[in-house]
Amino acid sequence: MSRPPHDQRSPGGDWLANADTEIVMLPGVGDGHPQDDPSHAPTTRLNPAEVLAQRTGGPPAGPPVGPSAGPDDEAPGPNSSGRHRGPSLLTQLTSAGRALVEGLRSDPDQRIVAVLVVLVASLGLAPIALAPSEVVIYSGVATGTPMLYTYTIAIVAAVVVIGILTRRQLARAFFLWVPFLGWMLLFAVLAWDSSLRTVSGLVHFSLVAIVFAVGATAERADRRNSFLLWAFAAVAWLQLFAIMMAVIGFPLRRIAGQQALDVLGRATGLTSHPGELAKLLFFCGMCALTLPQKTVRQRWVAWTTLGAVFLGVSLTQSRSVLAAVVSMILILVVLEFVTGRWQKKYFVVLGITGLLGLVSVPWLIERFTADPEGGDRGHLLQVAFDVIREHPWAGVGPNSYVAIAGASDPLTASGVPVHNVLLLSAAELGIIGALLLWLPFAMTATTAIHSVFRVRTSELAPRVLVSALPGLVLIGMTGWGLMQGPYFLMFALIAGYFYARSRHVRVASGYGRD
């Protein structure tokens, strides 16, 4: 660019351009370009009047050069609202769906979390049999014949997805179950019969081992967002919704036959028995207490979910689960107080617990008056001891207790097994087999206890599990439903998840390797 002659200088000493002179603007003058970046400074041709206007801050002396501003380009006036219509709900859902699909494609952890949530939903809300359609009713830990359920498909999908992404971690999670699976394989070949009933039991216990491993492996991918905990919280609310619909006369699931008379006046939700619903809600309560509580909104979600669990358990009128829930809350509060983590929020938890007790007093009095000794539990215990004495090593076979013990006891034959999971597992699998079955759960409890009392972790999951242990023992010692169908699978899933989280706490504190 050539220098203009001396007589074309402005009074201020600046160079004044002619109409055809090219003026290079300083960085940051052009709209839409970053400041202090000379590479983005545009070259603009201006007339002298426009140059003077830029110097003095006034409008240009002549008519505007370039395209004129149209109606759409005018700045909003004083009467303009400045509001813009947001995207429609359909657009938002479409965008969320695209983001979800993109996340599933790009992030392996999201794929693991997705199958984990589907598994929780199939176990807690829709454990529906898909085939065969007609089966003989059998009161065992599994059905009388092998059946395909919605959760069976979800388990297979979870194993495939997790196996492809983290095959080594999944194999390591199976390590605790190798002794038990080996024991089952040995006696399936040497001692137990090959009936469909036994095969169904073998499949059931094998799925328990698989689900435990799935929960332990998926916890690493779910550690940041805790989707499993949120999924169980959602299950609690949906079960409470089903209870309320039944109260107003629109049950989402109907129970027919003799069982309908047995559960009259007690909530069943989407399950087939009040005891099943109560156990499911206990698991949901464990997850509600473990929910993240970093914000006020998260704390309110956790507390209200806990209240939904309490209300649901009270409406089931399950004495053992009610006692289990109350003991879990009280022990957790004591642990928080002893370890110096007491907060004012626990007054809310204690208030909810006290309210639960008051609401439950009428039906507790009624049930204990009608059945002070728990029915025929003493007789059922004696039957179980006799079976274990006759079959101490091999047991009678998986899922075969009612069939074998019922041959000599009419009450057992009517579909009432011993109400004690340790005795039931020892009678079916042998004493050693029962010990091997409960070994992974014992290791889970030991890991949580070590994390709480030795490591003194601030992580909630181990403290909640330690608080829930007495309640779980009470539920297992007073009933047999903890080993039955999807509820044993839910128990195994949560146990594996909490085991992995408690183990991570130990490793992070320098106790062992992950």
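Put simply, the side chain of F227 does not reach to within 4.5 Å of the side chain of L116, judged on heavy atoms. Under the 4.5 Å side-chain criterion, counting only non-hydrogen atoms from C-beta, I153 is in contact with L130. Two residues are said to be in side-chain contact when any heavy atoms from C-beta on lie closer than 4.5 Å; H204 and N399 fail this criterion. Taking 4.5 Å as the limit, every side-chain heavy atom of V416 sits out of range of all side-chain heavy atoms of D376. Proximity of L436 to L181: side-chain heavy atoms (C-beta onward) are nowhere separated by under 4.5 Å. The shortest side-chain heavy-atom distance between V418 and V383 does not fall under the 4.5 Å cut-off. Inter-residue side-chain proximity for I432 and W183 is flagged as met; some heavy-atom pair is nearer than 4.5 Å. For the pair I155/V211, a side-chain contact is recorded, criterion being any heavy-atom separation below 4.5 Å from C-beta on.
The backbone N or O of L270 sits less than 3.5 Å from a side-chain atom of R253, completing a donor-acceptor pair. A donor-acceptor distance shorter than 3.5 angstrom exists from the side chain of T295 to the backbone of Q298, with no hydrogens or angles considered. Of the possible polar contacts, one joining the T271 side chain to the T268 backbone as a donor-acceptor pair under 3.5 Å is found. Between the side chain of E276 and the backbone N or O of S272, at least one donor-acceptor pair lies under 3.5 Å. Looking only at distances, a side-chain donor or acceptor of T478 sits under 3.5 Å from a matching main-chain atom of L474.
Pairing each heavy atom of T150 with each of P127, the nearest pair is OG1-CA, 3.6 Å. Closest approach of L119 and Y151 over heavy atoms only: CD1-O, 4.2 Å. Considering all non-hydrogen atoms of both residues, A213 and L170 come closest at O-CD1, 3.9 Å. In this structure, I331 and P470 approach most closely via the heavy-atom pair CD1-CG, 3.5 Å. Listed here is the closest heavy atom pair of Q293 and A302: NE2-CB, 3.8 Å. When all heavy atoms are compared, the tightest approach of P398 to L202 is CG-CD2, 3.8 Å.
When only modelled atom types and interatomic distance are considered, T217 and T166 share no side-chain donor-acceptor pair under 3.5 Å. Side-chain contact of T447 with T444: a donor-acceptor pair under 3.5 Å is absent, judged by distance alone.
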Working for side chain to side chain contact (heavy atoms under 4.5 Å, CB included), residues L165 and R111: CA-CA 9 Å; L165 298 175; R111 294 198 288 273; 3.5 Å; yes
Worked verdict on I494 versus Y499 for side chain to side chain contact (heavy atoms under 4.5 Å, CB included): CA-CA 8 Å; I494 291 178; Y499 170 75; over 6 Å; no
Residue pair F283, V235: steps toward the side chain to side chain contact (heavy atoms under 4.5 Å, CB included) verdict: CA-CA 10 Å; F283 299 144; V235 167; over 6 Å; no
Intermediate values then yes/no, side chain to side chain contact (heavy atoms under 4.5 Å, CB included), W237 and T304: CA-CA 10 Å; W237 283 106; T304 54; 3.8 Å; yes
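The only option from I475, V309, L322, L277 that meets the side chain to side chain contact (heavy atoms under 4.5 Å, CB included) definition with F282 turns out to be I475. For the ring pair (Phe, Tyr, Trp, His ring centres under 6.0 Å) with F212, the qualifying choice from F174, F488, W177 is W177, the only one to do so.
Residues passing the salt bridge (charged side-chain N to carboxylate O under 4.0 Å, His left out) test with R197, sequence neighbours excluded: D193. Residues meeting the side-chain hydrogen bond (donor to acceptor under 3.5 Å, both in side chains) test with Y149, sequence neighbours left out: none. Residues passing the ring-ring contact (aromatic ring centres under 6.0 Å, His included) test with W363: none are found, sequence neighbours excluded. Shown here are the side chain to side chain contact (heavy atoms under 4.5 Å, CB included) partners of I248, two or more places apart in sequence or in another chain: M245, F250. For R389, the salt bridge (charged side-chain N to carboxylate O under 4.0 Å, His left out) partners at least two apart in sequence or on another chain are D386. Partners of E219 under the side-chain hydrogen bond (donor to acceptor under 3.5 Å, both in side chains) rule, at least two apart in sequence or in another chain, are R223, R501. With sequence neighbours left out, the side-chain hydrogen bond (donor to acceptor under 3.5 Å, both in side chains) criterion links S122 to no other residue. In terms of the side-chain hydrogen bond (donor to acceptor under 3.5 Å, both in side chains) criterion, S467 has no residue partners (sequence neighbours excluded). Residues forming a side chain to side chain contact (heavy atoms under 4.5 Å, CB included) with A394 (at least two apart in sequence, or on another chain): F187, A191, W192.
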Exercise answer: donor-acceptor pairs, residues 403-410 side-chain atoms, under 3.5 Å, sequence neighbours excluded:
from: S408; atom 1: OG; to: A405; atom 2: O; distance (Å): 3.4
from: D409; atom 1: OD1; to: H379; atom 2: NE2; distance (Å): 2.6
from: D409; atom 1: OD2; to: T412; atom 2: N; distance (Å): 2.8
from: D409; atom 1: OD2; to: T412; atom 2: OG1; distance (Å): 2.6

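Atom-to-atom distance recorded for L311:CG and L306:CG is 11.5 Å, nearest 0.5 angstrom. Of the inter-residue distances, the one linking N225 atom CG with Q110 atom CD reads 8.5 Å to the nearest 0.5 angstrom. Distance CG/L482 to NE2/H419: 13.0 Å, rounded to 0.5 Å. Atom OG in S451 sits 10.0 Å away from atom CZ in R503 (nearest 0.5 Å). One distance of note links CG of L381 with CG of N420; it measures 6.5 Å at 0.5 Å rounding. In this structure, T145 OG1 and L196 CG are separated by 6.5 Å, a value rounded to the nearest 0.5 Å.
Sorted by first and then second residue, the side chain to side chain donor-acceptor pair (under 3.5 Å) pairs with a member in residues 422-439 read S425-W438; sequence neighbours excluded. Sequence neighbours left out, the pairs with a member in residues 289-331 that pass ring pair (Phe, Tyr, Trp, His ring centres under 6.0 Å) are W300-W303.
Remark: aromatic rings of F491 and F441 are close, center separation under 6.0 Å.
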